[in-house]
J.: 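Mind looking over this structure? Questions follow.
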Amino acid sequence: MKSSLRYNPQEIEKKWREKWAADHIYEVREDDSRPKFYALTMFPYTSGDLHIGHWYAMAPSDVHARFKRMQGYNVLHPMGFDAFGLPAENTAISHGIHPYIWTMENIENMRRQLKSIGAIYDWNREVISCLPEYYKWTQWFFLKLYQAGLAYRGEAPVNWCPRCQTVLANEQVIGEGFCERCGAAVTKRDLEQWFFRITKYADELLDHSRIDWPERIEIMQKNWIGKSTGAEIAFGLEHKGVDAKEMRVFTTRADTIFGVTFFVLAPEHPLVPQLTTPEHKAEVEEYIFQTQRQTEFERTAVEKEKGGVFLGSYVINKLNGELVPIWIADYVLPGYGTGAVMGVPAHDQRDFEFAKKFELPIRVVIAPPDWAGEELESAYTESGTMVNSGQFDGLSSEQGVEAVCDYLQAKGWGKRAITYRLRDWLISRQRYWGAPIPIVYCDKCGIVPVPEKDLPVLLPPDAEFKPTGESPLKYCESFVNTTCPQCSSPARRETDTMDTFMCSSWYFLRYTSPEVDNNAFDDGKLKYWMPVDLYTGGAEHATMHLLYARFFVKAIRDMGLVDFDEPFVRLFNQGTIVYRGEKMSKSKGNVVTPDEYVAELGADAVRAYIMFIGPWEQGGEWSDSGIVGMSRWLNRVWNLVMADYSSKEIDPKVERELSRVTHKTIRKVTGDMERFRFNTMLAALMEFTNYLGWLWEEGVVSVLAWREAITNLLLLLAPTAPHLAEELWARVGHPYSIHNQSWPKWDEELTKEEEVTLVVQVNGKLRDKVTVPVSITEAEAKELALSRERVKAYVGDKEIGRILYVPRRLVNIVVG
RNA sequence: GCCGAAGUGGCGGAAUGGUAGACGCGGCAGUCUCAAAAACUGUUGAGGGGCAACCUUCGUGUCGGUUCGAGUCCGACCUUCGGCACCA
């Protein structure tokens, strides 16, 4: 089977891409006559080059989007660039290239690479987050959040990356206390910063019932938000020089309140200096100094031995009137709960270790089963029966929590409370390359938001890039000096810029109408397209981008700007592509660039190969030799379609078989497309071509039947190998374009077999196979099985017990 | 420590509780060629037997269990990878 013209991907891919662009066939507009489908892939950061990892995110999602398109959906599948961020500025510092120049050159290159994929991106809808026409609206949203009371300025101990020279949000500190971006160890600093009140939406963010997301991501978000239900309990305070008459703790175990033998504050707690008695002052100050020197990771390392010091003062446990010594210890975190805990060593492992080390009493108040008053070897943290707890003795832990809470509430000594691990989102960055925060500081008026009509607050092009730990904008006088929008007196601009996750929290809205310049988006178009039906991208964004974007949408929904609750109805996370056993990265020097493979084997081969590696959600290892196999297969498809088919003697049985194979293939490919099982989809198409190759040699079906099979093959191949399919579609004489055709449908009737291979087992072991018509009855099948020579040999003269029959599958003879 | 995912040929992987290893890579043999590459065809889990077509035993991380029958279900464990981790 040789054809005179060889498959030449370089030539045909260029030709069709140009024609598709010239004909605008992938441009999308709102159309009420078809169901819409918004298929979004996370937009890439403008790092400079697209590697195979990017293709792994983009090519399969394009294949799926093309599939939906052929199924009759009006598909929006846009692309853009996440263009603000630290690498651009770091390059400016190290190489003297302006971030804008660097970024726009990178975009130029990446756009070229993206186009080589052959995707259905409508480039009229491209968004670039670092351009004023985009970040004007990022700033506008900031003002909206500010007006809604969701953006505020506050002082807090914040994460500081010494290498990036900026603060980071909690979500951007990963693993054992490292910067998400550069990997440096993060430290804490007390700074006044801008925050978004994401904690206001903590409960709603815990609710994933309205979205179809991988369970694993939902769990990660739930863990991150970390909701704890318990009580806030007041301990009495009588200390000269301290006005407060009580201090509160948060606990999930109100039932253990009678077991409190000490009280621990975070070293940062504001009352610590006043509660320290003179004779403990030196020791306390030394301990606080040591605590502050530690990184977050060192401080929270689980293995670390408990440390702490006594302040010399006491609180009163109001339930039993006991005096309880106040300590400070670094295992108590300033940002969680009230920054104070009650020490119940008998029923909390940390408190237990602390008490052992400092020889504090350990009092059992929850009796373990079969407890006879002996000392505990470790904390008993399970439920049990309350003992040594006054009027609460005899209650179970569960009853005890309720009873103690009721009692506290009645006495006014406490209340039921909920605490979250989630912190407010810290969004200010001491860097240049981001959207300026649209705020002005006036000596008379204080914090003044920039009026909407004055947006955008433009980044000055002439700032100096030095890693000083402060925003370069701070030293740019033309930027800083302004007048107060309220009173017109001289004022200073905010010089911090916004976290780039702010830009990516709304870009999916902008794709619906990127052309509008008097609003962030067009209401009608937004209503048509949103929410996103399918969002695909990496799982590493679980507690960052994906959480922020959900918060953002809920916040603007409450402002009445949108009318949906969730931005992304369905989420799918593709796996990671690795090379030489490691995730691709420039620093490891194992980046595989798609360009050379595209140049040599064609984009279609690269698209198909990365989908063939394995299930999309699992990722896999890139293999140079593997892709050759894919290229070979596409060549075989070419040769098969291009070869002249002539029929010899027609065999009706084979014609029926061809129809059956075709319809089964359509069914398999359709199902696999829907489930993102592209690897098995391709295997099915390969099997189909292998079968057609055999059939071509045989020549026992009519020319018409042959052509129909080829037509279906091309349609099924079109999403995966759009260029090749288009070329062959034209060459076999079909009208342009294959990408405007309908997805083939299968007829279930035609997939039914005429004959099946029955497996014959004796005691569950395969002993024989026999081909039978599907119409065979159970009795006939059993009789046939028993009559087989091979079966007789295994049965011998043993007694025959049950005979199991699974229609169309097997007969299993059980012998004694 | 807790939560989640995964362990199948030389490799990537496939298998509604019913023929384990589809499909592909690699290997081997062959066709073509002066030769090589490319392409194409055949073959390829391991062990044992047979001149042969074939026959046979073992085999899906480990150990148990359920079942006529387990890669698949249940229990316990081991390993790898991801996430969280002094959160009161």
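Below, read A as the first sequence line, B as the second, and so on, with proteins coming before strands; counting in each chain starts at 1.
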J.: Looking across every strand, which nucleic acid part, if any, lies under 4.0 Å from A/N690 by heavy atom: base, sugar-phosphate, or nothing?
T.: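 The answer is sugar-phosphate, as A/N690 gets under 4.0 Å only of primed atoms, P, OP1 or OP2.
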
J.: Does A/K765 make a side-chain N or O approach to OP1 or OP2 of B/C58 shorter than 4.0 Å?
T.: yes

J.: With the side chain counted from C-beta on, respond yes when A/I366 and A/R253 share a heavy-atom pair under 4.5 Å apart, and no when they do not.
T.: yes

J.: As a test of reading the structure: which of B/A14, B/G24, B/C84 is closest to the side chain of A/W224, going by heavy atoms?
T.: B/C84

J.: May I have the step-by-step check of ring-ring contact (aromatic ring centres under 6.0 Å, His included) for A/F358 and A/F262, ending in yes or no?
T.: CA-CA 11 Å; A/F358 296 107; A/F262 57 97; 8.8 Å; no

J.: With a 3.5 angstrom cut-off on both distances, give the Watson-Crick or G-U wobble partner of B/A35, or none if there isn't one.
T.: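 Across all strands, not a single nucleotide pairs with B/A35.
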
J.: Write out a two-atom table: protein N or O, nucleotide N or O from nucleotides 15-21 of chain B, distance below 3.5 Å.
T.:
{"unit_1": "B/G18", "atom_1": "N2", "unit_2": "A/Q761", "atom_2": "OE1", "d": "3.0"}
{"unit_1": "B/G18", "atom_1": "N2", "unit_2": "A/N812", "atom_2": "ND2", "d": "3.3"}
{"unit_1": "B/U19", "atom_1": "O2", "unit_2": "A/K769", "atom_2": "NZ", "d": "2.7"}

J.: Please list, chain by chain and in numerical order, all residues satisfying side chain to side chain contact (heavy atoms under 4.5 Å, CB included) with A/Q761, sequence neighbours excluded.
T.: A/V759, A/L810, A/N812

J.: Just so I know, are the side chains of A/M342 and A/V315 near enough to count as touching, which here means a heavy-atom distance under 4.5 Å?
T.: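 No. Closest side-chain heavy atoms not under 4.5 Å.
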
J.: Could you give the distance from NZ (A/K782) to CD1 (A/I813), rounded to the nearest 0.5 Å?
T.: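 Those atoms lie 10.0 Å apart.
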
J.: Determine the interplanar angle of the A/F572 and A/F676 rings, folded into 0 to 90°, and report it as parallel if under 30°, tilted if 30 to 60°, perpendicular if over 60°.
T.: tilted

J.: Relative to the 5' end of RNA chain B, which residue comes earlier, A/G620 or A/R216, by the nucleotide with the nearest heavy atom?
T.: A/R216

J.: Among residues 626-633 of chain A, which contact RNA chain B at a heavy-atom distance under 4.0 Å?
T.: A/G629, A/R632

J.: Looking at A/E402 and A/R416, does any basic side-chain N land under 4.0 Å from a carboxylate oxygen?
T.: yes

J.: Please confirm whether A/R550 makes a cation-pi placement over A/W224, using NZ or CZ under 6.0 Å from the six-membered ring centre and within 45° of the ring normal.
T.: no

J.: Please classify the nucleic acid contact of A/V264 as base, sugar-phosphate, or nothing, using heavy-atom distances under 4.0 Å.
T.: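 Here A/V264 touches no strand at all.
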
J.: Compare side-chain N and O positions of A/R636 against OP1 and OP2 of B/C23 and report whether any pair is under 4.0 Å apart.
T.: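 So the side chain of A/R636 is outside the cut-off, no N or O lying under 4.0 Å from OP1 or OP2 of B/C23.
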
J.: Taking only N and O in the side chain of A/Y7, is any of them less than 4.0 Å away from OP1 or OP2 of B/A39?
T.: no

J.: Could you walk me through whether A/Y597 and A/W622 pass ring-ring contact (aromatic ring centres under 6.0 Å, His included), step by step?
T.: CA-CA 12 Å; A/Y597 293 97; A/W622 171 266; 5.0 Å; yes

